[in-house]
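Structure record follows, encoded as structure tokens.
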Amino acid sequence: MNTKRIITLLLICAASLGLKATAATIDTAITHSASMNKDLKAVIIKPADYSTAQKYPVMYLLHGFSGNYSDWIKKIPAITKLADTYHFIIVCPDGAFAGWYFDSPVNKDFRYETYVANELVSYVDKHYATIANRKGRAITGLSMGGHGALFLAFKHQNVFGAAGSMSGVVDIRQFADSYGIEALLGKYSEHPDVWEQHCVVSLLYLVKPNALALTFDCGYDDGMYSGNQELHEKLLERKIPHDYTVKPGGHSWEYWGNSITYQGLFFSRYFNGEK
């Protein structure tokens, strides 16, 4: 029997059994932010088995400084496999070029804390078959998005039950003159209290042991390493359980593409009650 005939027979058998190739579905949603009075795009990835007859957990995945909502799917298209493997929805919001995922006290056009934690979550729960409570939501991100994920989770523990960070800027005071933060918070020298209120390492008082499932990592050669090490030590002092990993690597998509595979597993275990 020749190869062509074998393939034909296999296809016929597959069809008779109702088998078909499946893959995650990628939507680009137009969402509205009432707090900023504008529309924003978000990539929403549904697993191959998505059906409105059941409910799915959601992993919110934030981009970094200078990026946008499409960064993750363009740079690491394999994230669709995480949705298929672990049967969760992935949402990639837009946090602006330098939005930092908080509500700016000096510029009303930047209210990305309200947008992601309230407006976007409400949109996703309304338009998709989600587990619409904290036990069905996790949030993580890279660099600026790593800061954003922990910041939002610490401040909105009623919304998110698990959080992570990859190469996160967990101490924004290290970059007081960089990355557009001053335009959102004012000068650090003039408003140190405001900066403290928006700094992840300064917000640990909000977190009680076992209140959140936490995972974060950083490359040893990354400029964010010292801040992440400090966060790890402060969590240990407060006896707050967390997963912390230091790996070879720097501030790069190669690093983040590897990191998200481990974080996807961590969040899947949380969604399944294993964390």
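Side chains included, hydrogens not; waters and symmetry mates left out as well; all remaining heavy atoms used. Note that the structure is predicted; figures quoted are calculated from it, not measured.
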> Between the side chain of Q197 and the main-chain N/O of L203, is any donor-acceptor distance below 3.5 Å?
Replying inline: no
> Do you know the tightest heavy-atom contact between Y255 and G249?
Replying inline: CD1-CA, 4.3 Å
>> I need the minimum non-hydrogen distance between Y69 and H63, along with the two atoms involved.
In response: N-CD2, 3.8 Å
>> Any non-hydrogen side-chain atom of I26 less than 4.5 Å from a side-chain atom of T80?
In response: yes
> So, do Y115 and Y101 sit near enough that their side-chain heavy atoms are less than 4.5 Å apart?
Replying inline: no
> Is it the case that one hydrophobic cluster holds both F266 and L152, taking links as side-chain heavy atoms less than 4.5 Å apart, direct or via other members?
Replying inline: no
> Does the side chain of Y244 reach to within under 4.5 Å of the side chain of L231, using non-hydrogen atoms?
Replying inline: no
>> Whether the E119 and S35 side chains hold a donor-acceptor pair (N or O, under 3.5 Å, no angle test) is what I'd like checked.
In response: yes
> Is there a donor-acceptor pair closer than 3.5 Å between any side-chain N or O of H127 and the backbone N or O of D125?
Replying inline: no
> Quick one: does R137's side chain have a donor or acceptor within less than 3.5 Å of a partner on V159's backbone?
Replying inline: yes
> Under a 4.5 Å side-chain heavy-atom rule over Ile, Leu, Val, Met, Phe, Trp and Tyr, are L204 and V169 clustered together?
Replying inline: yes
>> Rounded to the nearest 0.5 Å, what separates atom CD1 in I79 from atom NZ in K81?
In response: 12.0 Å
> Which heavy atom of A162 sits nearest a heavy atom of Y270, and at what distance?
Replying inline: CB-CD2, 3.7 Å
> Judged by atom type as modelled, is there a donor-acceptor pair below 3.5 Å linking the side chain of S122 to the main-chain atoms of N118?
Replying inline: yes
> What distance separates T140 OG1 from M59 CE, expressed to the nearest 0.5 Å?
Replying inline: 7.5 Å
> Out of curiosity, Y128 OH to K46 NZ, how far, rounded to the nearest 0.5 Å?
Replying inline: 5.5 Å
> S66 and M144: side-chain contact (heavy atoms from CB on, under 4.5 Å), yes or no, with the steps?
Replying inline: CA-CA 9 Å; S66 78; M144 179 182 84; over 6 Å; no
>> Given 3.5 Å as the limit, does a donor-acceptor pair link the side chain of Q263 with the main chain of S165, or not?
In response: yes
> Can a donor-acceptor pair be found between the side chains of S143 and H251 at a distance below 3.5 Å?
Replying inline: yes
>> Treating N228 as the side-chain partner and M224 as the backbone partner, does any N or O pair qualify as donor plus acceptor under 3.5 Å?
In response: yes
> What orientation do Y179 and F175 show, parallel under 30°, tilted 30 to 60°, or perpendicular over 60°?
Replying inline: perpendicular
> What are the two closest heavy atoms between F110 and L184, and how far apart are they?
Replying inline: CG-CD2, 3.6 Å
> Between Y56 and F88, does the ring centroid distance fall short of 6.0 Å?
Replying inline: no
> Do other residues, nucleotides or ligands put more than 12 heavy atoms under 6.0 Å from E233 CD?
Replying inline: yes
> So how far is it from D217 CG to T245 OG1, rounded to the nearest 0.5 Å?
Replying inline: 6.0 Å
> Under 3.5 Å, side chain of D103 to main-chain N/O of E113, donor-acceptor pair present?
Replying inline: yes
> So, do H198 and W100 have ring centers that fall under 6.0 Å from each other?
Replying inline: no
> Do T31 and S33 come close enough that some side-chain heavy atom pair is under 4.5 Å?
Replying inline: no
>> Please tell me whether Y262 and L62 are part of a single hydrophobic cluster in this structure, the criterion being side-chain heavy atoms less than 4.5 Å apart.
In response: no
>> Pairing donors with acceptors under 3.5 angstrom, does anything connect the side chains of S226 and Q174?
In response: yes
>> Under a 3.5 Å distance rule, please check whether W195 uses its side chain to pair with a backbone N or O of G186 as donor and acceptor.
In response: yes
> When clusters are formed by joining ILVMFWY residues with side-chain heavy atoms under 4.5 Å apart, either directly or through shared neighbours, do V124 and I30 land in the same one?
Replying inline: no
> Hey, what do you get for CG (L150) to NZ (K155), rounding to the nearest 0.5 Å?
Replying inline: 14.0 Å
> What's the verdict on side-chain contact (heavy atoms from CB on, under 4.5 Å) for L120 and V91, showing C-alpha distance, side-chain angles and the deciding distance?
Replying inline: CA-CA 9 Å; L120 180 61; V91 177; 4.0 Å; yes
> Between CG of L82 and CG of L61, what distance do you get to the nearest 0.5 Å?
Replying inline: 9.0 Å
> For the residue pair D171 and C199, what are the closest heavy atoms and their distance?
Replying inline: OD1-SG, 3.3 Å
>> How close do W253 and L142 get, counting heavy atoms only, and between which atoms?
In response: CH2-CD2, 3.4 Å
> Do P93 and L40 have side chains that get closer than 4.5 Å, going by heavy atoms?
Replying inline: no
> Quick check: are there more than 12 heavy atoms from other residues, nucleotides or ligands sitting under 6.0 Å from NZ of K187?
Replying inline: no
> Does a side-chain heavy-atom distance below 4.5 Å link F102 with Y112?
Replying inline: no
> Do M36 and F97 sit in the same hydrophobic cluster, where Ile, Leu, Val, Met, Phe, Trp and Tyr count as joined when their side-chain heavy atoms come under 4.5 Å apart?
Replying inline: yes
>> Walk me through whether H87 and D49 qualify under side-chain contact (heavy atoms from CB on, under 4.5 Å).
In response: CA-CA 7 Å; H87 311 287; D49 66 353; 2.7 Å; yes
> Step by step, would you call I45 with I89 a side-chain contact (heavy atoms from CB on, under 4.5 Å)?
Replying inline: CA-CA 6 Å; I45 303 168; I89 296 168; 6.0 Å; no
> Can you check whether F160 and H156 have ring centres sitting under 6.0 Å from each other?
Replying inline: no
> Charged N to carboxylate O under 4.0 angstrom, D94 versus K38?
Replying inline: no
> With a distance cut-off below 6.0 Å to the six-membered ring centre and an angular limit of 45° from the axis, does K247 pair with Y220 as a cation-pi contact?
Replying inline: no
> With a 4.5 Å heavy-atom cut-off, do K75 and W256 have their side chains touching?
Replying inline: no
>> Quick check: do P57 and T130 have side-chain heavy atoms less than 4.5 Å from each other?
In response: no
